[in-house]
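Working notes for the structure below.
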Amino acid sequence: MIKIDNLPNIFVKAMPVLQTLENAGFEAYFVGGSVRDVLLHRHVHDVDITTSAYPEEVKQLFDKSIDTGIKHGTVTVLYNNESYEITTFRTESGYQDFRRPDHVTFVQNLDEDLKRRDFTINALAMNTKGEIVDLFNGLDDLEHHIIRAVGDPETRFHEDALRMMRAVRFMSQLEFKLEEKTRQAIKDNHQLLKKISVERIREEFVKMGLGTNSRQAFQVFLDTQLSEDVPDFAGKKELLSIYPKLQFSPTMETNLWALIILLLKMPNERIHGFMRDWKNSNATTEKVERIINLFDLISDHAPSDYELFQAGEETLVNTIDVAHILGQPIASEALIDRYMALPIKQPGELAIDGRFLIQRGMRPGAQLGKTLNWIRAMVVAGELENNQEAIEDYLDNLK
Ligand SMILES: Nc1ccn([C@@H]2O[C@H](COP(=O)(O)OP(=O)(O)OP(=O)(O)O)[C@@H](O)[C@H]2O)c(=O)n1
Ligand SMILES: [Mg+2]
């Protein structure tokens, strides 16, 4: 049996939680992503615990707990200022709608619990001694970098169709290959994805897009027809097939969306609806629109200092990144240098504000806004010094 020595601190800190369960006569294991990631020497961001104890029994053993998903057997326990999700061994049955089990059945052993998990590499468990339980050759698949469904892939995808998106997401994040039967089952069942909420699909899509192997994963996303069953991608395979041929992968969510929008050759007035279809936040949508606007502007002409100022640093850097990924020649260093040399880089850096103009006797209103914009433009253009006295002199001379 494989045994991990020198467990990362996140496991060491959680060990007393497992020990508490064991001391009370229950079984307890780390399971899922944390076990996979420690074996891959990847960063472990959280640990999930599975146990033979029923939720009520778990709650009795710890001072502080929250019923996060008690219907599905999950209790969140607070221990030493950390929170841990503890889920009772369970199977799932009766998948009426291809997304969430109708009901869960608690089971008495770990084997039954591991059987219903999505991929062999996610069906590994680890006990308090650091020993790995591997019922489906997950260790072998980890070693050979293979994503393979546990047991029958069709059954796994009918239980939860989101798992098909998880398959390509893990391909991208872990740089793994997709086992042939698992791939075929996705191809045969991609339309089940229609039943899944856009929020859940988006989460996996973004993780795929930002993974280090996103271009290879995207190719499989297209080949298996998964792309036909996500918002606004149906019938767009040809345009999207550029993605796997790009030189680099995006590392920011806003830039991923901007790339997709540009590849889809989307008219500007469609962007808002597209982002809404994917249930993106207004904040993300606004950032993406700013990137597209600047991209269009830069493609059209060399931006003026004021246009660079209006774009702002974040949008400028992101737009340069997007252009770079698309292989568009763009004088990125010169643009950054020019931006850095601007007398002011943000509206708030102007030496005066509206209040200052009002103190000088201007009335609040549209004219005041125009004057402020005008002064700002003069300062950005380097035609007026950014200090109160210079600006006052300038305004006095206008009279
Ligand atoms: N649709 C799903 C979602 C999750 N799981 C199981 O629940 C575990 C935890 O799920 P989750 O945290 O969503 O994924 P992780 O594999 O832990 O990956 P991540 O690092 O993104 O958290 C998975 O490893 C897998 O065993 C599953 O079988 N089917
Ligand atoms: Mg996880």
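If you read the sequence from its start, that first residue is 1, and numbering goes on from there. The model shown is predicted, which means the values in this text are computed figures rather than measured ones. Basis for what follows: all heavy atoms, side chains included, without hydrogens, waters or symmetry-related copies. Atoms within each ligand, like the ligands themselves, are counted from 1 in listed order.
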For [atom], find the nearest protein heavy atom and state the residue, atom name and distance (0.1 Å precision).
atom	answer
atom 12 (O) of ligand 1	D48 OD2, 4.1 Å
atom 19 (P) of ligand 1	H45 NE2, 3.6 Å
atom 29 (N) of ligand 1	R163 NE, 2.9 Å
atom 25 (C) of ligand 1	D118 OD1, 3.5 Å
atom 4 (C) of ligand 1	R166 NH2, 3.3 Å

> Okay, side chain of N127, backbone of Y29: is any donor-acceptor separation there less than 3.5 Å?
Replying inline: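 It does not hold such a pair.
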Checking the N or O distance criterion of under 3.5 Å, is ligand 1 in contact with [X]?
X	value
N122	yes
R169	yes
R36	yes

Short list, please: which atoms of ligand 1 are under 4.0 Å from a heavy atom of [X]?
X	answer
F170	16 (O), 18 (O)
G32	24 (O)
D160	1 (N)

Using a strict threshold of under 4.0 Å (side-chain N to carboxylate O), is an ion pair present between [Y] and [X]?
X	Y	answer
D67	K71	no
R156	E159	yes
D277	R270	yes
D229	K194	yes
R183	E180	yes
E112	R116	no

> For K287, does the NZ atom have more than 12 heavy-atom neighbours from other residues, nucleotides or ligands under 6.0 Å away?
Replying inline: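 Open: at most 12 neighbouring heavy atoms sit under 6.0 Å from NZ of K287.
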> Among R117, E85, H43, which residue places a heavy atom closest to atom 8 (C) of ligand 1?
Replying inline: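 Of the listed residues, R117 has the closest heavy atom.
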